[in-house]
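Worksheet: the structure to be examined is printed underneath.
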Amino acid sequence: MREVAIVSYAQTPMRRDAGANNDVEMLMGTLQEALSNVGMTQKDIDFTCSGSCDYLGGAAFAFVSAVDALGAVPPIAESHVEMDAAWALYEAWLKIQCGKADTALIYGFGKSSHCALPDMLCLQLDPYAMQPLWPDSISLAALQANALLQSGKYTERDLAEVVANSRRNAKGNPKAQLKGDYTVEQLLKEPTFVSPLRKHDCCPISDGASVLIMTTREKAEKLCKRPAFITGIDHRIDAHGLGMRDLTVSTSTRIAGEKAGVHKGKVDIAELYAPFSHQELILRDALGLDPAKTKINPSGGALAGHVFMACGLDRIGAVATSIMNGEASRGVAHATSGPCLQQNLVAVLEG
Amino acid sequence: MANACAVVGVGQSARYRSKIKMSIAGLVREAAQEALKDAGCTWNDIDAVIIGKAPDFFEGVVMPEIYLAEALGCVGKPMLRVHTAGSVGGSTAIVAASYVQSGQFNRVLTVAYEKQSESNAMWALSSKQPFSPHLNAGAGGFFAPIIREYMRRSGAPADTGCKVALKDRKHALRNPRAHMHEKPEDLDLEKYVNSFMLWEPLRFSEVCPSSDGACAMVLASEDLAKKSPNPPAWIHGAAMRSEPTMYPWREEVNPQAGIDCAKDVYSQAGITNPRKEIDAAEVYVPFSWYEPMWLENLGFAEVNQGWKLTEEGATFIDGGDIPWNCSGGVLSSNPIGASGMIRFAEAALQVRGMAGEHQVDGAKTALGHAYGGGSQFFAMWIVRSTKP
Amino acid sequence: MSDEKTMVEGFEAPISLHYTFAAGHAISKFLRSMKEGKIVGQRSPATGKVIVPPRGSCPESGKPTTEEVELGDTGTVITFTVVHIPIPNNPVKPPFIVANICLDGADQTFIHLVSDCNNDDVKIGTRVKAVWKDKAEWDYSMDNIKYFKPLDEAPVDIEKLKASRLKEVGKYRHA
């Protein structure tokens, strides 16, 4: 296996509405920032891969116009997944493993402000049996939260603690959308939104873009004092039918974590893509993380800002940044997709 | 550095049609099961599934791989969804190959599909945005002006396009899966050149149909490929290139991304003279004139000379020295998201000697090609009957 | 139970989603100029080429574009198609010409109608001028131009046009 390390990561601030900026305008500055961080230009990139979703913008080929931000003349080796950009990173990682590229640039972007995201996500469901009922993503998450609470594993208080931690951690993240000091008692006084979830249990809707650059060990060590090496990465999917799986656990996360080697060493930090507070608890369990030993979502996680299609890449970027800054030696990053944590990716990063 | 990888199984819809009476899950399963059977394996033998299709707007299902996890036997396995516009079927095959070539996986399933009957492609491609004029009448309206410019430059006869279409529809009669099986009396140049004008200079006879369909392949590592029941098609080169849709004075007739992609894939496979060294090619030709244009772009002919090969019959299976699209091509079947993968799979069938009635005798080296967007995304592979 | 006769082959499942679009800064600015009857492109700092309508980026370099260039409403048909099928929800009746038009002083084409002419007289290289709607009807839209009409001028050799533009823009190129 070739050793691959992350050497640069740049992110726009996460905002409820990026205003008049279109996707390309949102991306350009971030791309340039990621490249200039390591003194690179587009010509130093062997492979570019992105993640985006056409339905966010309401028109086919969102990723096509994004090519305008890349400087792709002369033409470049490039690909796209209609998935969170964490999977674009996976595709690029394979490309490097094949020896077909040394350096890859990965980006993800999304402006969820254009549409009603929870409704749009209904279209992810089985188009014959489920989608016509229009169960929105928050309602499905609430079903899962209820199952978790009913199982007796966790209480509403535990959910509120996840939120309080996220808001507190996000105070140190200049890109975060939601942050501040809240007590568990304060949060529990809030009314329920979609029972048993309160509004603060749900991630915000955010606009933004993120760019990450990774390369081989030889090159990484010349570019960066403490590159963040990807020592394990794996992704798995669970059944789509919500009745086909135990919603209180995440089997696919567990398998991906085992394959990625989460348990092979001490985990200093973990960035978990949990769009709903209760999901952080499920993911923690699936990965066997102990919050007393591992700092969970030091960036604030998805509850502090959720750029749909980039949020998973942002988790990897956040862990990489902590390692590059010397704040952590070993960390775990996680990405998810689909209703109730159906599909999951886990990466282990080490300094 | 890349590990060897081969196509050991191919599956396709029994017949591409304007409406296949199956769910999306049924559609992809039909192709996948046939590929597994060809590869002599079962769902349990598959390590990962890589799926591709064109825009989600076509069927109105967002990230449909999420819903297809069970149908494709993926539960507990990795699943990845590629989307690179019209080239997606080809790109998906290339990404799937990288799962094996990286040494991370031994045997993967790749699937691409489109079910155009469940939505309206014209609507999906031309959704009205408030700030741009709404004039682009589907893909044909975009490509017809480029074809006109090719005709001006090359001085090709006006009926070359119809000859391409006629040739591919004749090929289609040898492929039981092809969507368009025209009656022998309709395969007539006179009828083709007088068919209804859509986007001048493109006539109805020169345009691909709108199809439902799926294509699947099983790709395996060297050890497994050697044990597979049917002959493998070894991947000798795979490449992708992209460029922006529009930029000042962009060369649209002979796009640089296509030239660069071909150069890359030929150099990987050690090909210096494609016309001589490639025995069969499956090239993405949704509008007839793209055959002569891609003959030039892919280095089979000099610039502005591609039409002469078509006129000479060089691309026809009977007597041609470089048969193009013996399956009938995109002009005879076009489940958009799958069309690229069908090209890649048909190239594999040719070198495996399994193309049936449309087999090119003794084909050892074949090209699979796909393009998409505004002729800006390219994916190609070279497969051979022998191991690299 | 589920014999062929009772098999469900399809059902209608309408999808309705509401979107608010953001055109982008560059296009918004362009549309505000259009409302005043002015066509304003942007010059790429990397290539010196003029893009209209501007999209805020130079697609060749990925660099932002900011320098504005006001253009006239005459140009050249770079290529075109005669559309013989109706465009859904469009009042224009076939056959009509949709052309890739390059305005004088610009380097990138956009598509628009060419009308008020004999379709057979339009060629690659035909010179055209915009025919505007009444000023009272101007909106934030490219549709303020009803169509382009051929000028009584000799057609242009588009390869020579390209060569002269590429020579011209060289002097505007920054680092």
Side-chain angles (χ1 to χ4, degrees), chain A residues 1-2 48 53-55 58-61 63-65 67-68 70 72-83 87 90-91 93-100 120-128 130-131 234-241 244-245 251-252 255-256 337-339 342-343 345, chain B residues 1-3 23-24 54-70 74-85 91 94-95 98-99 101-104 118 124-125 127 129 238-247 250 255-257 260-261 264 373-374 376-378:
Chain A
M1 208 165 86
R2 297 183 87 193
T48 303
C53 171
D54 284 351
Y55 264 92
F61 303 127
F63 68 95
V64 177
S65 57
V67 174
D68 283 0
L70 300 177
V73 178
I76 59 171
E78 188 258 357
S79 184
H80 172 262
V81 295
E82 194 86 355
M83 306 178 82
W87 277 268
Y90 188 82
E91 183 182 332
W93 181 80
L94 287 178
K95 193 71 82 178
I96 297 175
Q97 293 307 325
C98 294
K100 294 196 170 181
M120 186 275 270
L121 287 175
C122 292
L123 302 186
Q124 267 191 337
L125 306 171
D126 179 324
Y128 310 105
M130 236 164 123
Q131 186 277 327
D234 194 83
H235 64 99
R236 302 279 150 169
I237 195 166
D238 285 311
H240 180 62
M244 300 288 287
R245 52 186 161 118
T251 308
S252 57
I255 301 171
S337 177
Q342 189 192 337
Q343 189 174 20
L345 178 147
Chain B
M1 211 176 316
N3 293 351
S23 64
I24 295 171
D56 291 355
F57 271 81
F58 282 160
E59 291 88 359
V61 186
V62 172
M63 305 176 196
E65 66 280 3
I66 294 274
Y67 134 73
L68 292 170
E70 290 99 316
C74 277
V75 174
K77 293 177 186 174
M79 191 175 200
L80 189 97
R81 155 77 189 292
V82 181
H83 175 20
T84 61
S91 316
I94 291 175
V95 175
S98 74
Y99 271 69
Q101 291 170 324
S102 64
Q104 300 292 310
E118 289 202 15
L125 290 173
S127 67
Q129 304 237 339
M240 286 158 72
R241 283 296 182 281
S242 309
E243 66 181 77
T245 320
M246 291 191 290
Y247 57 88
R250 177 176 176 230
Q256 191 62 41
D260 292 359
C261 192
D264 187 355
Q376 65 188 119
F377 300 114
F378 291 84

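Naming convention: chains lettered A, B, ... in sequence-line order (proteins, then strands); numbering from 1 in each chain. Both backbone and side-chain heavy atoms feed into the values below; hydrogens, waters and symmetry mates do not.
- Contact record, Ala59(A) with Phe57(B): N-CZ, 3.5 Å, taken as the closest heavy-atom pair.
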Before giving the answer on side chain to side chain contact (heavy atoms under 4.5 Å, CB included), spell out for Ile24(B) and Tyr128(A) the whole-Å C-alpha distance, their side-chain angles and the decisive distance to 0.1 Å. CA-CA 9 Å; Ile24(B) 295 171; Tyr128(A) 310 105; 3.2 Å; yes

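- Between Val81(A) and Leu80(B) the shortest side-chain heavy-atom distance falls below 4.5 Å.
- In plain terms, the two heavy atoms of Ala69(B) and Gln342(A) that are nearest each other are CB-NE2, 3.7 Å.
- Applying the side-chain hydrogen bond (donor to acceptor under 3.5 Å, both in side chains) rule to Trp93(A) yields no partners; only residues at least two apart in sequence or on another chain are considered.
- Inter-residue side-chain proximity for Glu78(A) and Arg241(B) is flagged as unmet; no heavy-atom pair is nearer than 4.5 Å.
- By the 30° and 60° cut-offs, the orientation of the rings of Phe61(A) relative to His83(B) is tilted.
- Ser242(B) is not listed as a side-chain neighbour of Leu70(A), based on a closest heavy-atom distance of 4.5 Å or more.
- A centroid separation of less than 6.0 Å is found between the aromatic rings of Tyr90(A) and Tyr99(B).
- When every heavy atom of Glu65(B) is checked against every heavy atom of Met83(A), the shortest pair comes out as OE2-CG, 4.1 Å.
- Ranked by heavy-atom pairs under 4.5 Å with chain A, the first of Gly76(B), Ala239(B), Gly103(B) is Gly76(B).
- Looking at heavy atoms from C-beta onward, Met63(B) lies in side-chain contact with Cys53(A) at the 4.5 angstrom threshold.
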Please test Val62(B) against Met120(A) for side chain to side chain contact (heavy atoms under 4.5 Å, CB included), starting from the C-alpha separation and ending with a verdict. CA-CA 8 Å; Val62(B) 172; Met120(A) 186 275 270; 4.0 Å; yes

Assess the residue pair Glu82(A) and Val82(B) against the criterion (side chain to side chain contact (heavy atoms under 4.5 Å, CB included)); give the C-alpha distance rounded to whole Å, side-chain angles, the decisive distance to 0.1 Å, and a yes or no. CA-CA 6 Å; Glu82(A) 194 86 355; Val82(B) 181; over 6 Å; no

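- Ring pair Phe377(B)/Phe63(A): centre-to-centre distance below 6.0 Å.
- Scanning for side-chain hydrogen bond (donor to acceptor under 3.5 Å, both in side chains) contacts around Gln343(A) gives an empty result, with sequence neighbours left out.
- Tyr55(A) is listed as a side-chain neighbour of Asp56(B), based on a closest heavy-atom distance under 4.5 Å.
- At a cut-off of 3.5 Å, with distance as the only test, no side-chain donor of Ser102(B) or Gln97(A) sits close to an acceptor on the other residue.
- The shortest heavy-atom contact between His80(A) and Thr84(B) is N-CG2, 3.8 Å.
- Options Lys100(A), Lys95(A), Gln124(A) differ in how many heavy-atom pairs under 4.5 Å they form with chain B, and the most are formed by Gln124(A).
- The shortest non-hydrogen separation linking Gly241(A) to Glu70(B) is N-OE2, 2.9 Å.
- Contact record, Pro339(A) with Ile66(B): CD-CG2, 3.8 Å, taken as the closest heavy-atom pair.
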